[in-house]
Structures are given as structure tokens and as C-alpha cells.
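Written below as C-alpha cells is the structure these notes are about.
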Amino acid sequence: MCTNPQNSLNGLQIDKCPYADIISLEKVSSDGKACRLHYIQDHSFPNHKLTKEHLDIKSEEHVLRDFQETLSKKISTVTKRPRKLAVFVNNCLKLVIMGGDGTCSEIINVLMRKRQQEAGVDFNSSSTPLKKMDFPIGVIPTGSACGLARLAHGVKQTLYNTVGCYNNDKLVGYGIICFGYVLYADMMYDTDVNYRWMKTFRYLYVPFMRMFLKQFRELEVEITYEYLEDRDSGDLTDETKANLKVTETKRITNIIGGTDDLDFEDRPYDKQPAKKDQFFLLDYTMCGKWAMAKHFVNLYQLTQEHLDSVKHFVSFKKIKSVRIRATENNDPSQNEMNLRFNIDGESHQIETPDVYIKLFPRCLTLYTSYIGSRRWR
């Protein structure tokens, strides 16, 4: 409780709360001797978020009246604060999602399934083309992770890809950003389930624990990659067609895939190859802990130079579908862990360690006001 209004102003300045963050001054007593100052508080890392706070002030009526006039003058000098804000809602727009990647993924998955049901499409069938969403989806990034907002960069409505992830002829879920298996799935499972009690600190502890305090686990898998046909090369021979689907058996420690035909940081946009209906996949064999940690640091801003430097344990491919099946030649004690699969940061439990991921290009229309880097799009 503050009894000196001028001190409240000085206090806000000392706390580095600019006048642009003051919301309103509200009277809270009929005698005019008490008011409540509402303002926005920007909390520091690791609990970085904006909250609405208030400060109660008591004083004589004429003092509070002078305080209100002084405050109004101070706020009027702020150039970054809009005087008025007009919000227009188009009746044709069905949903705007406010949240992080998990919230967006869950809502979009429900909407995608509902759209297929309405169109009479069996969404559990990977061979059936999906019906596109018939309205755009806006994203307001307010969660702990906002990768989708970075992809849907800017306010322009843009068509985006999705991948369908299937297990035992049933849809596990649609991926809008990425999917992962083994290390990535284990790490996200720890974050969602085992260490959720740590709150935001788990986002630092779990990666460190998985990188340096635990051994990487290996899983022998049979992977079938399906590539796009090169339509610019003329008629394809039978031999070339046979090579469009390649099956390998290997021991892996991690798999990460995205929904995009990836750009690279070290290639200017005018030097980037034309986008195609394919997505990228990274699969990993055993390597040192420091090598893996350094790779993850570089993963967010991926360059061709970095990929060339990690070829001894990272395989990079652009494909239109992939099937990942754990073989019988694995440690039985890991059977439960092998049923963890992650889509857009959300942990899923599959029935058997056998997943099929297929690209469905340009199924969603997304937009957002995010103004950060758009290198991954």
C-alpha cells in the first residue's frame, strides 16, 4: 500500500516500468481518498512473461486529483503508446488461437479431423488425400514455445504443410511443425511428464540431463524413405522408379523431422532451390555427447556447412514419406520407451514401434503477427 502518489510514480520508474506500461488509474473509494494504479509488469528470465499488476494508493482527495493530472501529462508524452486501438473482426474468420505450440497443435488436430469427417474422408487412412481447411487460422504466440508463430511469419495468409503420423492403420496425429523419435521423444516425455514439477526450470534441466547425465540409447530400426520423382528429368526408367523408395536398417539414437522443404541460413534466398512437396528428416547414429550438444545448438539456425560437418552421425534427407519400424534386435527393457512418439512437442503413446509419416502439402492457411526471424520458412 502506497500513501504517497509521487513515490508511486518514482517507484515505477526505479523498477524500469515505463509510462507506456501504465494501464489505468481507478478510484476505489467513494470519498476519493483511494485509487488503484494498474500497470503491466515484464518479468525477467526464466519466468519471462507479461502480467497485469496493481498498486493501491491512499491520500487526500486533492492530492490524488493532482496525481492523476500529473500522470496523464506523463503518459501523453509517450510516443510508443497508441492513443486508441481499433479491433476489426471479420465474420468469415472462424478461430484465432492464442497459446504456444502445444495449444495450437491440439486445436488444429481437432479442426483437421472434424474437417475430414464432414467431408466423408477416413482420416485413419494414409492413402486418402486430405481436405484442406476452408478457413484461415490466426496464431497469437503466448506460450513457452512458439515455433508455429515463427513459421507462420507475418500477417499474410499463407498455405502450410502438415504431416500425418500413423500407427497400426490409425492416425496418431497431424504435425504442423515437427515430429521426433527416440532421444527427442524421450526428452519431451521427461519435460511433459517426469519433470513437470520443475515448472519452467525443466526446459533447462531435461536437455542438460539427457545430454550429459544419461547415456544415449540406441534403437535398431528399419527405415523406408520415399522420395519425390524428379519431374524435370523427363521419363523415368524402371530402375530410377525403384530407387524412389529406399529401405535401410540402422542403429539410431534420434530422429527429428519437420513439415517443411527446409531453407538454409548460409544460402541467400535467391540461391535457394525451388520449394517442393517434401519435408526434411534428420536421423542420428551414435556420437559423443559434446558433438550432439553442439549440433543441437546449431540446429535452430541450420546451415549446409554445419550439416556437412556432422555427416559422420547425422543423415539429412528430403522425402515425401517415411516409415520407421523397430526391429526385433533390440533390448526388451526398452520396449515401453520405444512406444513414445512426439508430434509438435506433444507426447503420444503408440501401440507398436512402427510409425508411418506422410506429407500432405498446403492443407492449412495460417497467419500471425510475429515479426522475428523467418529463416525456417
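In this pair, Y205 and F201 present their aromatic rings parallel. The plane angle is below 30°, not in the 30 to 60° band. Under the 30°/60° scheme for interplanar angles, the aromatic rings of Y356 and Y166 are found to be tilted. In this pair, F296 and Y284 present their aromatic rings tilted. The plane angle is within the 30 to 60° band.
Of the possible polar contacts, one joining the D122 side chain to the N124 backbone as a donor-acceptor pair under 3.5 Å is found. A donor-acceptor contact shorter than 3.5 Å links the side chain of N109 to the backbone of Y174.
Residues C287 and H295 have side chains not in contact (no heavy-atom distance under 4.5 Å, counting atoms from C-beta outward). With a 4.5 Å cut-off on side-chain heavy atoms, F67 and L25 count as touching. The shortest distance between side-chain heavy atoms of V322 and F279 falls below 4.5 Å. Between Q278 and I319, every side-chain heavy-atom pair lies at or beyond the 4.5 Å cut-off. Considering only heavy atoms from C-beta on, D277 comes within 4.5 Å of R362 through its side chain. Side-chain atoms of D186 and R340, non-hydrogen and from C-beta on, do get closer than 4.5 Å to each other. Side-chain contact between L364 and M112: present, with at least one pair of heavy atoms (C-beta onward) separated by less than 4.5 Å. Looking at heavy atoms from C-beta onward, T249 lies in side-chain contact with E222 at the 4.5 angstrom threshold.
Applying side-chain contact (heavy atoms from CB on, under 4.5 Å) to I324 and the options T224, V221, D354 leaves one that passes, V221.
Ring pair F216/F313: centre-to-centre distance not below 6.0 Å.
No more than 12 heavy atoms of other residues, nucleotides or ligands sit less than 6.0 Å from atom CD of Q215. Remark: K289 NZ is packed, more than 12 non-hydrogen atoms of other residues, nucleotides or ligands lying under 6.0 Å away. The local environment of CD in E305 is sparse, with at most 12 non-hydrogen atoms from other residues, nucleotides or ligands closer than 6.0 Å.
Between the side chains of R217 and N330, no donor N or O sits under 3.5 Å from an acceptor N or O. Looking only at atom types and distance, the side chain of S29 has a donor-acceptor partner in the side chain of D31 under 3.5 Å away. Between the side chains of N168 and T352, at least one donor N or O sits under 3.5 Å from an acceptor N or O. For T303 and N298, the side-chain atoms include no donor-acceptor pair closer than 3.5 Å.
Of all heavy-atom pairs spanning T259 and L359, the tightest one is O-CD1, 3.8 Å. Summarising the geometry of Y181 relative to L219, their closest heavy-atom pair is CE2-CD2, 3.7 Å, with the distance given to 0.1 Å. Nearest heavy-atom pair across G175 and T162 is O-OG1, 2.9 Å. The minimum heavy-atom distance linking K132 with R115 is given by the pair O-NE, 2.9 Å. Nearest heavy-atom pair across Q116 and K131 is OE1-N, 2.8 Å. A pairwise comparison of heavy atoms in V182 and T253 identifies CG1-O, 3.1 Å as the closest pair.
At a threshold of 4.0 Å, the pair K33-E61 does not count as salt-bridged, since none of the basic side-chain nitrogens sits closer than that to a carboxylate oxygen. Remark: K73 does not engage E69 in a salt bridge, criterion side-chain N to carboxylate O under 4.0 Å. Salt-bridge check for D283 with K250: passed, with a basic side-chain N closer than 4.0 Å to an acidic carboxylate O.
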### Worked verdict on E26 versus H38 for side-chain contact (heavy atoms from CB on, under 4.5 Å)
CA-CA 8 Å; E26 171 192 12; H38 298 274; 2.9 Å; yes

### Message
One pair to check against side-chain contact (heavy atoms from CB on, under 4.5 Å): Y227 and K317. What are the steps and the verdict?
### Response
CA-CA 9 Å; Y227 298 90; K317 293 178 173 61; 3.2 Å; yes

### Task
Take F179 and L281 through the test side-chain contact (heavy atoms from CB on, under 4.5 Å) and record every step on the way to the result.
CA-CA 9 Å; F179 59 88; L281 185 79; 3.7 Å; yes

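With values rounded to the nearest 0.5 angstrom, K276 atom NZ is found 8.0 Å from D261 atom CG. The OG atom of S59 lies 5.0 Å from the CG atom of L64; values are rounded to the nearest 0.5 Å.
Under the 4.5 Å side-chain contact rule for hydrophobic residues, L339 and V193 do not share a cluster.
Stacking of R202 on the aromatic ring of Y195 is not recorded, the 6.0 Å distance cut-off and the 45° axial limit not both being met.
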